[in-house]
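In what follows, a structure is listed as structure tokens, so that the remarks can point back to it.
Just so it is clear: chains get the letters A, B, ... in the order the sequence lines come, proteins before strands, and each one is counted from 1. All of these numbers come straight from a predicted model, not from anything done at the bench.
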Protein chains: 2
Amino acid sequence: MAIQVATDAVVFGYEARKGLCLLLIQRKTEPFAGSWALPGGFVLEHESLEQAVQRELEEETSLRVNYMEQLYTFGDPERDPRKRVISVAYFALVKRNGQALQASTDAADARWFAMEQLPALAFDHTHIIAKALQRLQAKLSYEPLGLELLDEKFPFSELQQLYECVLQRPVDRRNFKKKFMSLGILDELNEKSVGVGRPAGLYRFNRDKYNERRQQGMVLEIL
Amino acid sequence: MAIQVATDAVVFGYEARKGLCLLLIQRKTEPFAGSWALPGGFVLEHESLEQAVQRELEEETSLRVNYMEQLYTFGDPERDPRKRVISVAYFALVKRNGQALQASTDAADARWFAMEQLPALAFDHTHIIAKALQRLQAKLSYEPLGLELLDEKFPFSELQQLYECVLQRPVDRRNFKKKFMSLGILDELNEKSVGVGRPAGLYRFNRDKYNERRQQGMVLEIL
DNA sequence: ACAAAAGTGTTCACAATACACCCATGC
DNA sequence: GCATGGGTGTATTGTGAACACTTTTGT
């Protein structure tokens, strides 16, 4: 009997109200049927690892992600109680606006959970999530990953709140804006947000400028 | 037919004369028999991934490494011409002083190659090595990994040369020493090196102090 | 007019950089 | 005494951090 290869996706979303959220599915099948778990499943013979994660994610939640990278491979012989399975975990970010979740195929349900209110999880998924959160926090400081979590257009304060929420510490408004704007990857739009208080200018991520700077070997230290 | 799981080890060594070196083995078996490749092989049913890399490394080269961490998992369906194999690559550092290489079991030969003079390699190993080198360069800047490549006792200039060699740029002697010493993780010994020119003071890595600082959440930015 | 959130500049302290001369040993 | 590499300090510049008041809107 051979070793099986699976993938799991740690998918983060962000909402101003709930803060950082995580996408989980409820398992239909043993082991851990009924438990909440990361979306994922076995890799097919002829697909790449990336294709496998994306396929599983779509099958289980009908979701398309905005950013994805490999996180880590978990291979403890005891991580699956039934057989030997190693899992290549991926780390993903998604803009939540609009996209509805829709459980299907292998999942009984799919839901967003606030990071502070995660349910008990199957396998070693708590461990995987911890690693993903570390990665997110680390990368946020030197890559503009936060922009992958926000809507197309957003007020600057939302970006700041995202940073504060993920890094779990306050961020000075003026210093943050100064530094972030100096990266030259945000465009200010001629639109204002609505709501209570003074309307805020809206910004948009300029991916072209970003790629340009990257290619020039520019290091983007944000915090 | 299932997917197979293998591990590969990218093992770096350092020698003042040759600079950064890489450990390669010559394959005995198909595919790519006779080619040079990274040490590695299939994971057994009941061992962890780490155990697998270390076992393979010992079988093929009789070497024990000094530092090891997971690098990345390579899963392109075409990476092995015969069957589907995914490989979990590890990144390792070894102090070269003394330890003799000894090819055995699965390897026809095992040798250190200077990074600038690598032979043609089997599979996607060139790609794996490129990723490992990136990782080494990146980590060297914020973790004292260089110390895992040097002898127990070393003159400060050797550490500096190691950094210059890996990062491929000159480093100012005084600034480098100031910064590195301010980390408080090196002990100066009452011994001097011998050789041509003025004898140099010898230093030793104090792992206890290092772990202490880490636990205090200290960030070690080196360059 | 008041509550709520947005916008904006300056000062200060520390850290990174650049830089050149003298010292100890072996041959 | 000369060649080789080792050792050290200071001045300048740039960057990160701290900090408070005014503006715009809705109610």
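Using a cutoff of 4.0 Å between basic side-chain nitrogens and carboxylate oxygens, A:R64 and A:E58 are scored as salt-bridged. For the pair B:E212 and B:R207, the salt-bridge criterion is not met [side-chain N within less than 4.0 Å of a carboxylate O].
Distance A:L202 CG to D:dT24 P: 17 Å, rounded to the nearest Å. Here the C1' atom of nucleotide D:dG16 and the CD atom of B:E221 are 12 Å apart, to the nearest Å. The CE atom of A:M181 sits 13 Å away from the C1' atom of C:dT8 (whole-angstrom rounding).
Applying the 6.0 Å contact sphere to CD of B:E221 captures no more than 12 heavy atoms from other residues, nucleotides or ligands.
B:Y203 does not carry B:K153 over the face of its six-membered ring by the limits of under 6.0 Å from the centre and within 45° of the normal.
Mapped onto DNA chain D by nearest heavy atom, B:Y203 and A:G195 fall at different nucleotides, with B:Y203 at the one closer to the 5' end.
Using a 30° and 60° split on the angle between ring planes, B:F205 and B:Y210 fall in the tilted class, from 30° to 60°.
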**Prompt:** Stepwise, does the ring-ring contact (aromatic ring centres under 6.0 Å, His included) test hold for A:Y72 with A:F74?
**Reply:** CA-CA 6 Å; A:Y72 197 81; A:F74 298 83; 5.2 Å; yes
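Within residues 155-180 of chain B, the residues having any heavy atom under 4.0 Å from DNA chain D are, by residue number, B:S157, B:R173, B:R174, B:K177, B:K178.
In this model, no side-chain donor or acceptor of B:R198 finds a partner on the base of D:dT4 within 3.5 Å.
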